[in-house]
Asker: 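Quick one: this structure, given as structure tokens, is what I'll be asking you about.
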Number of protein chains: 2
Amino acid sequence: MAKPPKENSPITEHLAYLLAQANREINRQLELRLSKEGVPVEQWRILKVLSDGNGHSMGELADAVLLNHPTLTKMIDRMVSDTLVYRVQDPNDRRKVLMFISDRGKVLCKKLNSLAVDQEEHILESYGDKSTSELKRLLESLIDSSN
Amino acid sequence: MAKPPKENSPITEHLAYLLAQANREINRQLELRLSKEGVPVEQWRILKVLSDGNGHSMGELADAVLLNHPTLTKMIDRMVSDTLVYRVQDPNDRRKVLMFISDRGKVLCKKLNSLAVDQEEHILESYGDKSTSELKRLLESLIDSSN
DNA sequence: CTTCAATTCTTGAATATTCAATATTTTCAA
DNA sequence: TTGAAAATATTGAATATTCAAGAATTGAAG
């Protein structure tokens, strides 16, 4: 009756592996859509966070888009070159840099959003409304319980 | 009554984002444990797949451990240097290389497995037995429905 | 048989990420 | 008020990943 010891369980049964696999697959699909506009997923996330119109510091942004600081700095450099975003020094704390989205960035973000919505709708179709919202709920709670 | 349009929904509500976030966090925790033995997560996956004792081709392995071919080749090079695994040319198809785990690899794999089990138990404690198995079930079915 | 396309793996160059160190500014205790 | 510690962002070197091309072998059509 006893379950087999975890030590021998195949890798495909580990939560860490299932998460990696699902993440890889969903991300691949999203990449594919966003590549229509030639934009990596991370840049879409950045634009989306900034599209609230408020200034966000690099630290905030790095947390929000799941990138570490140097990687974000270099990605932002590229986006500044493409005039999608711009830097402003925070007047209240001059260590900080506040990032803003440009008009061009807003236009691009709209297009990207609808590509992303396409994908979510595609998932809803093949995976189901109920499973999707249940999965989201469980993921949120896993993330919560990990802090 | 209508739901807000997805286009304006915050990034934190997208399935792709939740998956990335959860994956990042769980992976970070696992990395932390495995670093006790100085081994990256991918190498543990490789050892675990090979520990069935059968030879696995590079292509098979790459799929199984979620790495693309050149990355895997270079990681295997390192593991061969560390004498954790070794290459044998497939006698039936000489284009292929069959990978095997060494005795040293087996010993290391055992240690890593128990570190990984520690983590899974930690998750079970803080997140709950039921949520965990339900989450696994949903992830498996998402992966299925994406093929 | 022979040749051409497909499969498998590896390599090298280009690119991206990470680690450690640095510069700047702020905070706060003495 | 001053000086040391903390916080923030960036830089440059080391490392890792990816893309595109290459080498070897197999498959299969003519």
Side-chain angles (χ1 to χ4, degrees), chain A residues 20-21 23-25 27-32 34-35 38-46 49-50 54-82 84-100, chain B residues 20-21 23-25 27-32 34-35 38-46 49-50 54-82 84-100:
Chain A
Q21 202 181 356
N23 179 49
R24 188 182 160 86
E25 179 57 25
N27 208 55
R28 197 189 56 75
Q29 289 175 16
L30 183 55
E31 245 168 24
L32 202 65
L34 299 190
S35 71
V39 176
V41 175
E42 290 78 12
Q43 290 199 13
W44 171 58
R45 290 199 196 123
I46 292 170
V49 170
L50 295 186
N54 300 324
H56 293 264
S57 74
M58 292 296 280
E60 256 184 310
L61 250 191
D63 284 350
V65 304
L66 315 175
L67 291 177
N68 54 16
H69 290 218
T71 305
L72 178 63
T73 293
K74 286 156 192 171
M75 182 160 285
I76 288 287
D77 286 346
R78 276 168 258 158
M79 294 175 78
V80 169
S81 299
D82 296 342
L84 297 171
V85 299
Y86 57 94
R87 292 176 160 101
V88 175
Q89 197 172 59
D90 186 338
N92 298 118
D93 182 343
R94 289 181 9 233
R95 290 170 302 182
K96 293 186 184 172
V97 171
L98 297 181
M99 298 303 313
F100 290 90
Chain B
Q21 203 181 357
N23 179 51
R24 187 181 159 87
E25 179 58 27
N27 208 56
R28 198 189 56 75
Q29 290 175 17
L30 183 55
E31 245 168 23
L32 203 65
L34 299 189
S35 71
V39 176
V41 175
E42 291 79 11
Q43 292 199 12
W44 171 58
R45 289 199 198 126
I46 292 170
V49 170
L50 295 186
N54 300 325
H56 293 262
S57 75
M58 293 295 281
E60 258 184 311
L61 250 189
D63 284 350
V65 304
L66 315 176
L67 290 176
N68 55 16
H69 290 215
T71 306
L72 178 64
T73 292
K74 286 155 190 171
M75 183 158 285
I76 289 287
D77 285 347
R78 275 168 256 157
M79 295 176 78
V80 169
S81 299
D82 295 343
L84 297 171
V85 299
Y86 57 94
R87 291 177 161 100
V88 175
Q89 198 174 59
D90 185 337
N92 298 119
D93 183 342
R94 295 190 355 243
R95 289 169 302 184
K96 293 186 185 173
V97 171
L98 297 180
M99 299 303 313
F100 290 90

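As a basis for the values below, the full set of heavy atoms in this structure was taken, side chains included, without hydrogen atoms, waters or symmetry mates. Chain naming here is simple, since letters A, B, ... match the order of the sequence lines and numbering starts at 1 in each.
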Asker: Would you confirm whether Q43(A), through its side chain, and P40(A), through its main-chain N or O, come within 3.5 Å as a donor-acceptor pair?
Answerer: no
Asker: Rounded to whole Å, please give me the gap between CD in E31(A) and P in dA16(C).
Answerer: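 After rounding, the gap between these two atoms is 13 Å.
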Asker: Side chains of V97(B) and D90(B), heavy atoms from C-beta outward: is any pair under 4.5 Å?
Answerer: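 No, every pair of side-chain atoms sits at 4.5 Å or beyond.
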Asker: Considering only side-chain heavy atoms of R78(B), which listed nucleotide, dA16(D), dC19(C), dA9(D), is closest?
Answerer: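 Of dA16(D), dC19(C), dA9(D), dA16(D) is nearest to the side chain of R78(B).
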Asker: State whether S57(A) places a side-chain N or O below 4.0 Å from either non-bridging phosphate oxygen (OP1 or OP2) of dA9(D).
Answerer: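 Yes, S57(A) has a side-chain N/O under 4.0 Å of OP1/OP2 on dA9(D).
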Asker: Rounded to the Å, how far apart are D77(B) CG and dC9(C) P?
Answerer: 14 Å
Asker: Have E25(A) and Q21(A) got a donor and an acceptor in their side chains that come within less than 3.5 Å?
Answerer: no
Asker: Over how many whole Å does the gap from L61(A) atom CG to dA9(D) atom P extend?
Answerer: 9 Å
Asker: Does K74(B) make a side-chain donor-acceptor contact with the base of dT18(D), cut-off 3.5 Å?
Answerer: yes
Asker: Of the listed nucleotides (dA9(D), dT10(C), dA20(C)), which one gets closest to any side-chain atom of V97(B)?
Answerer: dT10(C)
Asker: For the side chain of R94(A), counting heavy atoms from C-beta on, which of dA20(C), dT26(C), dT10(C) is nearest?
Answerer: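 Of dA20(C), dT26(C), dT10(C), dT26(C) is nearest to the side chain of R94(A).
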Asker: Given atom CE of M58(A) and atom C1' of dT24(C), what is their separation to the nearest angstrom?
Answerer: 15 Å
Asker: Could you tell me how far apart N92(B) (CG) and dG27(D) (C1') are, to the nearest whole angstrom?
Answerer: 15 Å
Asker: Out of dT18(C), dT10(D), dT17(D), which nucleotide sits closest to the side chain of H69(A)?
Answerer: dT10(D)
Asker: Return the nearest nucleotide to the side chain of D93(A); candidates are dC9(C), dT26(C), dT8(D).
Answerer: dT26(C)
Asker: Under the criterion side chain to side chain contact (heavy atoms under 4.5 Å, CB included), I'd like the reasoning laid out for H69(B) against M58(B): C-alpha separation, chi angles, the key distance, then a yes or no.
Answerer: CA-CA 7 Å; H69(B) 290 215; M58(B) 293 295 281; 5.7 Å; no
Asker: Could you give the CE-to-C1' distance, from M75(A) to dT10(D), as a whole number of Å?
Answerer: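 Atom CE in M75(A) sits about 16 Å away from atom C1' in dT10(D).
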Asker: If you go through the side-chain atoms of R95(A), does one of them form a donor-acceptor pair with the base of dT24(C) closer than 3.5 Å?
Answerer: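 Side chain to base: no pair below 3.5 Å.
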Asker: Using atom CD of Q43(B) as one end and atom C1' of dA16(D) as the other, report the distance to the nearest whole Å.
Answerer: 13 Å
Asker: May I ask you to verify if any side-chain N or O of T73(A) is less than 4.0 angstrom from the OP1 or OP2 atom of dT10(D)?
Answerer: yes
Asker: Relative to the 5' end of DNA chain C, which residue comes earlier, R87(B) or L67(A), by the nucleotide with the nearest heavy atom?
Answerer: R87(B)
Asker: Roughly, in whole Å, what's the span from CG in N68(B) to C1' in dT10(C)?
Answerer: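 Checked: the CG to C1' distance equals 13 Å.
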Asker: If you measure from the Lys or Arg side-chain nitrogens to the Asp or Glu carboxylate oxygens, is any gap between R28(A) and E31(A) under 4.0 Å?
Answerer: no
